[in-house]
Amino acid sequence: MIGIFDSGVGGLSVWRELITLMPGEDYVYVSDSGNCPYGPKSADFIIERASAITEFLIKRGAEIIVVACNTATAGAIAYLRAHYSISFVGMEPALKPAALCSKSGVVGVLATKGTFKGKLYLDTLARFANEVQVISQVGEGLVESVEKGILEGLQVETLLHHCMDPMLEAGADHIVLGCTHYPFLMESMRKIAGDKVVLVNPAPAVARQAQKVLSQIRPINNNHIGNIEFYSTGDVKVLQLLARKINDSIPLSDFQNIII
Ligand code: DGL
């Protein structure tokens, strides 16, 4: 079984890629919506939450855990790897492919405060800062909007203009979605960025990495349609809405509220 967690519903953008690649696997998804957003929270708080959720997923039978949250990856994955023997797959700031493919030499990165403070991002930034101009912007309000199920409309577009306009005005031709909630805003982002700007979603690469890690433990399961259980520490409504947008055959009874 593959365990997945995020501060909220955003990790569903990673689960979508996982089920595309490995439809025969079983999944347990934990949305920590009761504590969302992680972005402005301390590293200690994120480590505490990530550890509690990891223990829950291990008890449910997880063989690997996908940390489908850039902020939790930045704040807690090193701790998790040091304290639990299970394999963890984290989110990568997809700055590298964006920097390598950029023709304008300007790349935008949208993420949370916590992700920008993380060593992983700072190291990647230092590596590519000589080759491209990187404009890092906190996506203020975007996670909260997705958590409410608001994916389009004037309010979302105003928030997006605020964080995307400086990148577009500077000539960015790639914008990295450095938070797993943001792919749910892709259509609204596309309206603002137009067709020529590449919106980089790291989720497919993370799913491929999870497949690689799992296949080192045992063969990938292709024989049946996998099961999925969803848990939320907050309201399950938006989790249901977005998960069923991805796969409308999931019964409502697969979603449970939980205290972790
Ligand atoms: N999905 C989380 C991420 O990728 C959202 C962060 C938050 O909760 O602030 O960073």
Side-chain angles (χ1 to χ4, degrees), residues 1-33 50-70 72-73 76-77 80-81 84-92 94 97 146 151 177 179-184 186 199-233 236-258 260:
M1 191 271 277
I2 300 175
I4 313 170
F5 77 89
D6 178 39
S7 64
V9 297
L12 292 174
S13 66
V14 180
W15 170 69
R16 171 171 54 198
E17 305 302 330
L18 287 164
I19 55 169
T20 304
L21 209 54
M22 297 181 280
E25 292 296 336
D26 295 337
Y27 297 89
V28 173
Y29 183 100
V30 174
S31 158
D32 199 11
S33 288
S51 302
I53 296 167
T54 292
E55 283 164 30
F56 171 79
L57 288 170
I58 291 173
K59 272 193 208 126
R60 301 286 319 150
E63 297 165 276
I64 66 166
I65 292 179
V66 179
V67 183
C69 175
N70 296 70
T73 301
I77 206 163
L80 296 175
R81 286 185 173 137
Y84 299 94
S85 56
I86 193 168
S87 292
F88 292 90
V89 177
M91 298 304 297
E92 281 289 322
V146 176
L151 310 181
L177 310 188
C179 167
T180 55
H181 282 70
Y182 300 165
F184 288 108
M186 195 75 109
L199 301 173
V200 187
N201 175 9
V206 172
R208 286 195 296 277
Q209 178 62 13
Q211 185 181 42
K212 191 170 145 198
V213 171
L214 186 61
S215 67
Q216 284 160 359
I217 301 171
R218 61 154 172 83
I220 302 296
N221 216 331
N222 288 318
N223 303 331
H224 75 309
I225 306 276
N227 291 319
I228 167 91
E229 294 168 25
F230 292 96
Y231 295 94
S232 174
T233 61
V236 293
K237 276 200 201 77
V238 177
L239 189 63
Q240 283 171 335
L241 181 86
L242 295 186
R244 281 156 56 92
K245 242 185 174 180
I246 294 169
N247 181 343
D248 60 9
S249 67
I250 301 171
L252 287 173
S253 56
D254 281 6
F255 298 83
Q256 288 174 53
N257 188 262
I258 195 172
I260 298 178

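In this text, all values refer to a predicted model and were calculated from it rather than measured experimentally.
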Minimum heavy-atom separation for [X] to [Y], with atom names?
X    : Y    : answer
L242 : V9   : CD1-CG2, 3.7 Å
D254 : I228 : OD2-O, 3.4 Å
L18  : A210 : CD2-CB, 3.7 Å
S13  : A203 : O-CB, 3.6 Å
N70  : C179 : OD1-CA, 3.4 Å
V66  : V14  : CG1-CG1, 4.1 Å

What is the distance from atom [atom1] of [X] to atom [atom2] of [Y], rounded to the nearest 0.5 Å?
X    : Y    : atom1 : atom2 : answer
I250 : F255 : CD1   : CZ    : 5.0 Å
I217 : S87  : CD1   : OG    : 4.5 Å
Q211 : I64  : CD    : CD1   : 10.0 Å
L151 : L241 : CG    : CG    : 7.5 Å
I2   : I19  : CD1   : CD1   : 11.0 Å
I258 : S31  : CD1   : OG    : 11.5 Å

Item to check | Test log, rule side chain to side chain contact (heavy atoms under 4.5 Å, CB included), inputs L177 and M186 | outcome: CA-CA 9 Å; L177 310 188; M186 195 75 109; 3.9 Å; yes

Under 4.5 Å between any side-chain heavy atoms of [X] and [Y], yes or no?
X    : Y    : answer
Q240 : F230 : no
P183 : R16  : yes
M91  : V67  : no
D6   : H181 : yes
M1   : V28  : yes
Y84  : I65  : no
S51  : L80  : yes

Checklist entry - Do other residues, nucleotides or ligands put more than 12 heavy atoms under 6.0 Å from I225 CD1? => result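 Incorrect, the count does not exceed 12.
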
Item to check | Partner set under side-chain hydrogen bond (donor to acceptor under 3.5 Å, both in side chains) for R60, not counting sequence neighbours | outcome: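 Partners of R60 by the side-chain hydrogen bond (donor to acceptor under 3.5 Å, both in side chains) criterion, ordered by chain and then number, come out as E229.
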
Checklist entry - What pairs with N247 under side-chain hydrogen bond (donor to acceptor under 3.5 Å, both in side chains), at least two apart in sequence or on another chain? => result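 Scan of N247 (side-chain hydrogen bond (donor to acceptor under 3.5 Å, both in side chains), adjacent residues dropped) gives S249.
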
Checklist entry - Checking side chain to side chain contact (heavy atoms under 4.5 Å, CB included) for the pair H224/D26: CA distance, chi angles, key distance, verdict? => result CA-CA 10 Å; H224 75 309; D26 295 337; 3.4 Å; yes

Expected output: side-chain [X] to main-chain [Y] donor-acceptor under 3.5 Å:
X    : Y    : result
Y29  : L12  : yes
N222 : G24  : no
S215 : I220 : no
Y231 : I260 : no

Checklist entry - Looking at E25 and R218, does any basic side-chain N land under 4.0 Å from a carboxylate oxygen? => result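 Counted as a salt bridge, because a side-chain N and a carboxylate O are separated by less than 4.0 Å.
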
Item to check | Trace of the side chain to side chain contact (heavy atoms under 4.5 Å, CB included) decision for N221 with M22 | outcome: CA-CA 8 Å; N221 216 331; M22 297 181 280; over 6 Å; no

Item to check | Ring centres under 6.0 angstrom apart (F56, F5) | outcome: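 Between F56 and F5, the centre distance exceeds or equals 6.0 Å.
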
